[in-house]
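Values below: every heavy atom of this structure, side chains too, minus hydrogens, waters and symmetry copies. All values derive from a computational prediction rather than experimental measurement.
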2 protein chains.
Amino acid sequence: MKHEDAHQHVHHNHNDCIESALSTAEALCIQQGQRLTKVRRRALELIWESHRPLGAYQLLAKLAEEGFNSAPPTVYRALDFLLGAGLIHKVESMNAYLGCAHADKAHKGYFLICDECHNVMEFDYQDIHAALVEKAARQGFELRAETIELTGLCEKCKGKSVGASA
Amino acid sequence: MKHEDAHQHVHHNHNDCIESALSTAEALCIQQGQRLTKVRRRALELIWESHRPLGAYQLLAKLAEEGFNSAPPTVYRALDFLLGAGLIHKVESMNAYLGCAHADKAHKGYFLICDECHNVMEFDYQDIHAALVEKAARQGFELRAETIELTGLCEKCKGKSVGASA
DNA sequence: GTTTTACTTGTTATATCATAACAAAATTCT
DNA sequence: AGAATTTTGTTATGATATAACAAGTAAAAC
Ligand SMILES: [Zn+2]
Ligand SMILES: [Zn+2]
Ligand SMILES: [Zn+2]
Ligand SMILES: [Zn+2]
């Protein structure tokens, strides 16, 4: 078990994350009559193993190492599938993809992205969602999707960069 | 006066938008000791003339038509300058750039993006901003920048796509 | 269980978005 | 004018994403 991601905000057994995500994924796909093929499944695992947003070509390289086809459509098809199934999110401001830990509950991904360590936390904020829907509606706008990406400093990095001077 | 943007959500004299944006830009640049050079100024005008987000290479083509250099760095430098000065925003989910009508007030751009007509409305929502800052802080996160991009159907397009069937 | 159908993958090429690196020119400061 | 700073020109390349069509595979129909 390699553990290059041990510097997470909250320490946890990341293997559990992955296993849980994968079983959810399988259940969801069966339920929806979708096929979680080898390459799709492996793509999802690799995204989870990184535990921070992974670029399409980074993912493609990992897949290629394992014998999958190495042309871009391979990875973009897998990503499209996983996005469509709600199993991952795209972080628009990073052009990168992140596993969703709550794929079973339909929702939008709200992210806190650390400028320093590039860790990304997904957070749920029903209040904000409701407020946005209402605000949009007041302008005659029917809200369908939200991209909420907040950048700054996570707790750990905030400590590091400020600690010495203060 | 060409008026390919007459199908705005709210009709208005768009020339006023542009003039107002340009004078604000000039004032701001002088105030900050920045130089609004020819290419930067013209880039800003062209972004405003489109009145919806413009891709970097679309803008580059327009600049090239007018005799400016046609290599990518030309446009990306202008965009970097304008972004840095707060005169435009980048819409991350579209990889496109939009003039800011309130460049004088430091703020983050929140956008309503229509899936149909691709018009983009910037909206200000201090409540949401405050809630996000507080929510982030509660997780130990120091918020620096926000990407808030909401997609859906604007009032006009909502009418079009639903009207006939209902 | 073979045919038909729908879906998935392979393959090649290309489109789109963005930056690195260094040289030349213009502007500002002294 | 001369030096320092900033801006622009130029060439090359990196990074992200899709189009188009052929081949293969799995599911459904018969
Ligand atoms: Zn999620
Ligand atoms: Zn951090
Ligand atoms: Zn703005
Ligand atoms: Zn619309």
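- For the pair B:Met94 and B:Pro73, nearest-nucleotide mapping onto DNA chain C gives the more 5' position to B:Met94.
- Remark: B:Glu65 engages no residue in a side chain to side chain donor-acceptor pair (under 3.5 Å) (not counting sequence neighbours).
- Residues passing the side chain to side chain donor-acceptor pair (under 3.5 Å) test with B:Asp115 are A:Arg144, sequence neighbours excluded.
- One can place CZ of B:Arg42 at 20 Å from C1' of D:dT7, the figure rounded to the nearest angstrom.
- Residues passing the side chain to side chain donor-acceptor pair (under 3.5 Å) test with B:Glu66 are B:Arg42, sequence neighbours excluded.
- Distance, B:Leu60 CG to D:dG9 P: 11 Å, rounded to whole Å.
- Residues from residues 63-71 of chain A that place a heavy atom under 4.0 Å from any atom of DNA chain C, listed by number: A:Asn69, A:Ala71.
- The shortest distance between the side-chain N/O atoms of A:Tyr97 and the OP1/OP2 oxygens of D:dA17 is below 4.0 Å.
- B:His14 places a side-chain N or O within donor-acceptor distance of the main-chain N or O of B:Trp48, the cut-off being under 3.5 Å.
- Every residue meeting the side chain to side chain donor-acceptor pair (under 3.5 Å) condition with A:His129, not counting sequence neighbours, appears here in chain and number order: A:Glu146.
- The minimum heavy-atom distance between B:Leu143 and A:Leu150, with the atom names listed, is CD1-CB, 3.3 Å.
- Residues that satisfy the side-chain contact (heavy atoms from CB on, under 4.5 Å) test with A:Ala131, not counting sequence neighbours, are B:Tyr125, B:Ile128.
- Under the side chain to side chain donor-acceptor pair (under 3.5 Å) criterion, the residue pairs touching residues 74-88 of chain A are A:Asn69-A:Thr74, with sequence neighbours excluded.
- Atoms OH (B:Tyr76) and C1' (D:dT8) sit 18 Å apart, rounded to a whole Å.
- Between chain B and DNA chain C, the heavy-atom contact criterion of under 4.0 Å yields a 5' to 3' nucleotide range of C:dC17 to C:dT27.
- The backbone N or O of B:Gly140 lies less than 3.5 Å from a partner atom in the side chain of A:Lys158, making a donor-acceptor pair.
- Residue order along DNA chain D, read from the 5' end via each residue's closest nucleotide, puts B:Arg40 first among B:Pro72 and B:Arg40.
- When all heavy atoms are compared, the tightest approach of B:Val120 to B:Pro53 is CG2-CG, 3.3 Å.
- Residue pairs meeting the side chain to side chain donor-acceptor pair (under 3.5 Å) criterion with at least one partner in residues 30-40 of chain B, sequence neighbours excluded, do not occur; the list is empty.
- Proximity of B:Asn95 to the phosphate of D:dT16: no side-chain N or O atom is located under 4.0 Å from OP1 or OP2.
- Residues B:Ala25 and B:Leu36 come closest through the heavy atom pair CB-CD2, 4.2 Å.
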Summarise protein proximity over nucleotides 21-30 of chain D in one line of letters, 5' to 3': B for base, S for sugar-phosphate only, - for none, counting protein heavy atoms closer than 4.0 Å. B----S----
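- Both B:Leu83 and B:Leu28 are assigned to one and the same hydrophobic cluster, defined by single-linkage of ILVMFWY side chains at heavy-atom distances under 4.5 Å.
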Return all side-chain donor-acceptor pairs below 3.5 angstrom for residues 84-93 of chain B, not counting sequence neighbours, or 'none' if the list is empty.
from    : atom 1 : to       : atom 2 : distance (Å)
B:His89 : NE2    : B:His107 : NE2    : 3.3
B:His89 : NE2    : B:Glu122 : OE2    : 3.1
B:Ser93 : OG     : B:Glu149 : OE1    : 2.5

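- Protein atom NZ of A:Lys90 is 12 Å distant from nucleotide atom C1' of D:dA15, rounded to whole Å.
- Bending across the helix from C:dG1-D:dC30 to C:dT30-D:dA1, expressed as the angle between its end axes from five pairs apiece, amounts to 30° (10° rounding).
- Summarising the geometry, the separation between CG on A:Asp80 and P on D:dT18 is reported as 7 Å, rounded to the nearest angstrom.
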